[in-house]
Amino acid sequence: MTSPAVDPASSALRTPAPAPTPRRISGAVWAALGIVYVVWGSTYLGIRIVVETMPPFLSAGLRFVVAGLLLTALIAWRQGLSALRVTRTQLGSAALVGLLLLLGGNGLIVLAETSVPSGLAALLVAVVPAWVVLLKAVFGQRPTGGGVAGVLLGLAGLAVLTLPGLSGDVRISGVLLVVVATLLWSVGSFSSSRIPMPANPFTASAYEMVAGGLGCAAIGLIRGEQYGLDPTAISARSWIALASLVVFGSLIAFTAYAWLLQTAPLSLVATYAYVNPVVAVLLGALVLDEALTWPIALGGAIVVAGVWLIVSTERRS
């Protein structure tokens, strides 16, 4: 049966329809977000400890290849080999996203942390949601007024953090590496929801980590990081930090992030960007005695405020 036409005059007398109820966020999504919030906030500290005695790209390659293979074995054990089957296109997409996220994004951050404090690196990474908004605009999704204001605020904070001399005794080359890493990470996150990825997010995560890890290892070999490498000179705390990054940072947190990208709104997933820096700065100051100068505190606060404005505005819209 068809509905009768509505008379505009009489419709004003009717009771307004109730506003649509916002979709509830499941407990699983909040649990995954909590893991990404806390564990990823601590990975900046772990990376800084690893590169004290390990080469950056080779250590990152080892981390992601081992984590990817462990996740592959876990999937095969729990879900069967059929869960690992993907099309050639899906495999290529997962490899591309893995290279963007883990080689371009994480790999450059590992290299940068040889000269940049872990807390500052985390604050620079917080600008990722601003790049995502700009990417959406490039592809035709008009940003909200609050989103534009948040992007401008985030970029202003980024300028404070990257101005030579303001952030203390930090190499500007390392700071710029982190900025490039945030761009590549944003492209990878943005692309993952627009190209044909494996239907199983855990399978996608495993292939991404193996591809990204192999990419990091290849760059490490090209850079000659294997020459002069003495395994006996690697400290015990660097090995412990690497093991923690494999299990918690990659196997658990990155898998949670990959799952969130396919099951939760990107604007909600992006909230990790203003929680991670707080965790990273506190841990860097407490464990490594990293200095928290006023420009770092001011620039970081501006970035986090901009990210909060972006995420809160996009969630409302």
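If you're wondering where the values come from, they're calculated on a predicted model, not measured in any experiment.
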Worksheet item: Hey, quick one: are Leu176 and Val127 part of the same hydrophobic cluster, counting side-chain heavy atoms closer than 4.5 Å, chains of contacts allowed?
Response: yes
Worksheet item: Considering all heavy atoms of both residues, which atom of Ala253 and which atom of Val36 are nearest to each other, and what is their separation?
Response: O-CG2, 3.8 Å
Worksheet item: What heavy-atom pair brings Met209 and Gly68 nearest, and what distance separates the two atoms?
Response: CB-CA, 3.9 Å
Practice prompt. Find the distance between OG (Ser115) and CG (Leu120) and round it off to the nearest 0.5 Å.
Written response: 9.5 Å
Worksheet entry | Rounded distance (nearest 0.5 Å) linking atom CH2 of Trp308 with atom CG of Leu153 | 11.0 Å
Worksheet entry | Check: Ser186 and Leu135 side chains under 4.5 Å, non-hydrogen atoms | yes
Item to complete: Find out whether Leu58 and Leu62 are in side-chain contact, i.e. whether some heavy atom of one side chain is under 4.5 Å from a heavy atom of the other.
Response: no
Item to complete: Would you kindly confirm whether Leu45 and Val278 end up in one hydrophobic cluster when ILVMFWY residues are joined by side chain heavy atoms under 4.5 Å apart?
Response: no
Practice prompt. Give the ring-plane orientation class for Trp185 versus Trp40, where under 30° counts as parallel, over 60° as perpendicular and anything between as tilted.
Written response: perpendicular
Discussion item. Could you see if Val247 belongs to whatever hydrophobic cluster contains Ile240? Use Ile, Leu, Val, Met, Phe, Trp, Tyr and a side-chain cutoff under 4.5 Å.
Written reply: no
Discussion item. Keeping Ser205 on the side-chain end and Pro201 on the backbone end, is there a donor-acceptor pair under 3.5 Å?
Written reply: no
Practice prompt. Tell me who clusters with Val65, hydrophobic residues only, linked when side chains sit under 4.5 Å apart either directly or through other members.
Written response: Leu69, Val210, Leu214
Discussion item. With a sphere of 6.0 Å drawn around CZ of Arg88, does it hold more than 12 non-hydrogen atoms of other residues, nucleotides or ligands?
Written reply: no
Discussion item. If hydrophobic clusters are built by linking Ile, Leu, Val, Met, Phe, Trp and Tyr wherever their side-chain heavy atoms come under 4.5 Å apart, do Val304 and Val179 end up in the same one?
Written reply: yes
Item to complete: Evaluate the side-chain proximity of Leu84 to Tyr207: yes if any heavy-atom separation is below 4.5 Å, no if none is.
Response: yes
Practice prompt. Please round to the nearest 0.5 Å and tell me the distance separating atom CG of Leu124 and atom CG of Leu177.
Written response: 11.0 Å
Worksheet entry | Non-hydrogen side-chain atoms of Phe64 and Glu208 separated by less than 4.5 Å | no
Discussion item. Show, in sequence, the C-alpha distance, side-chain angles and deciding distance for Thr203 and Ile75, and conclude whether the side-chain contact (heavy atoms from CB on, under 4.5 Å) test is met.
Written reply: CA-CA 7 Å; Thr203 300; Ile75 293 170; 4.0 Å; yes
Worksheet item: Is the closest side-chain heavy-atom distance between Leu33 and Leu260 below 4.5 Å?
Response: yes
Worksheet entry | Atom pair CG/CD1 of Leu71 and Ile252 - distance to nearest 0.5 Å | 11.0 Å
Worksheet item: Looking only at heavy atoms, what is the nearest atom pair of Ala241 and Val50, with distance?
Response: CB-CG2, 3.7 Å
Discussion item. Has Thr182 got a side-chain atom pairing as donor or acceptor with Val128's backbone, closer than 3.5 angstrom?
Written reply: no
Discussion item. For the residue pair Ser238 / Ser235, report whether a side-chain donor-acceptor contact shorter than 3.5 Å exists.
Written reply: yes
Worksheet item: Shortest non-hydrogen contact from Leu288 to Ser118?
Response: CD1-OG, 4.5 Å
Mind listing the side-chain donor-acceptor pairs of residues 93-113 below 3.5 Å, one per line with the distance, residues two or more places apart or on another chain?
residue, atom, partner, partner atom, Å
Ser93, OG, Thr89, O, 3.0
Ser93, OG, Pro196, O, 3.2
Glu113, OE1, Arg48, N, 3.4

Worksheet item: With side chains defined as the heavy atoms from C-beta onward, is the minimum distance between Ile47 and Leu245 less than 4.5 Å?
Response: yes
Worksheet entry | Ser189 and Tyr257: side chain donor to acceptor below 3.5 Å | yes
Fill in: Shortest non-hydrogen contact between Ala199 and Gln90, atoms and distance
N-NE2, 4.3 Å
Worksheet item: Distance from Leu221 atom CG to Tyr227 atom OH, nearest 0.5 Å?
Response: 8.5 Å
Worksheet item: Side-chain contact, heavy-atom cut-off 4.5 Å: Val148 with Val133?
Response: no
Item to complete: Would you confirm whether Glu290, through its side chain, and Ala285, through its main-chain N or O, come within 3.5 Å as a donor-acceptor pair?
Response: no
Practice prompt. Quick one: do Val132 and Lys136 satisfy side-chain contact (heavy atoms from CB on, under 4.5 Å)? Show the steps, please.
Written response: CA-CA 6 Å; Val132 172; Lys136 287 182 177 181; 4.0 Å; yes
Worksheet item: With a 4.5 Å limit on heavy-atom distance, are the side chains of Leu251 and Val246 in contact?
Response: no
Worksheet item: Can you check side-chain contact (heavy atoms from CB on, under 4.5 Å) on Leu283 and Tyr44, steps first, answer last?
Response: CA-CA 9 Å; Leu283 289 177; Tyr44 296 94; over 6 Å; no
Item to complete: Begin with the C-alpha distance, continue with both residues' side-chain angles, and end with the deciding distance and a verdict on side-chain contact (heavy atoms from CB on, under 4.5 Å) for Leu183 and Val187.
Response: CA-CA 6 Å; Leu183 283 168; Val187 172; 5.6 Å; no
Discussion item. For Phe190, I'd like to know if atom CZ has over 12 heavy atoms of other residues, nucleotides or ligands within 6.0 Å.
Written reply: yes
Worksheet item: Can you name the nearest heavy-atom pair linking Gly220 to Gln226, along with the distance?
Response: O-OE1, 3.8 Å
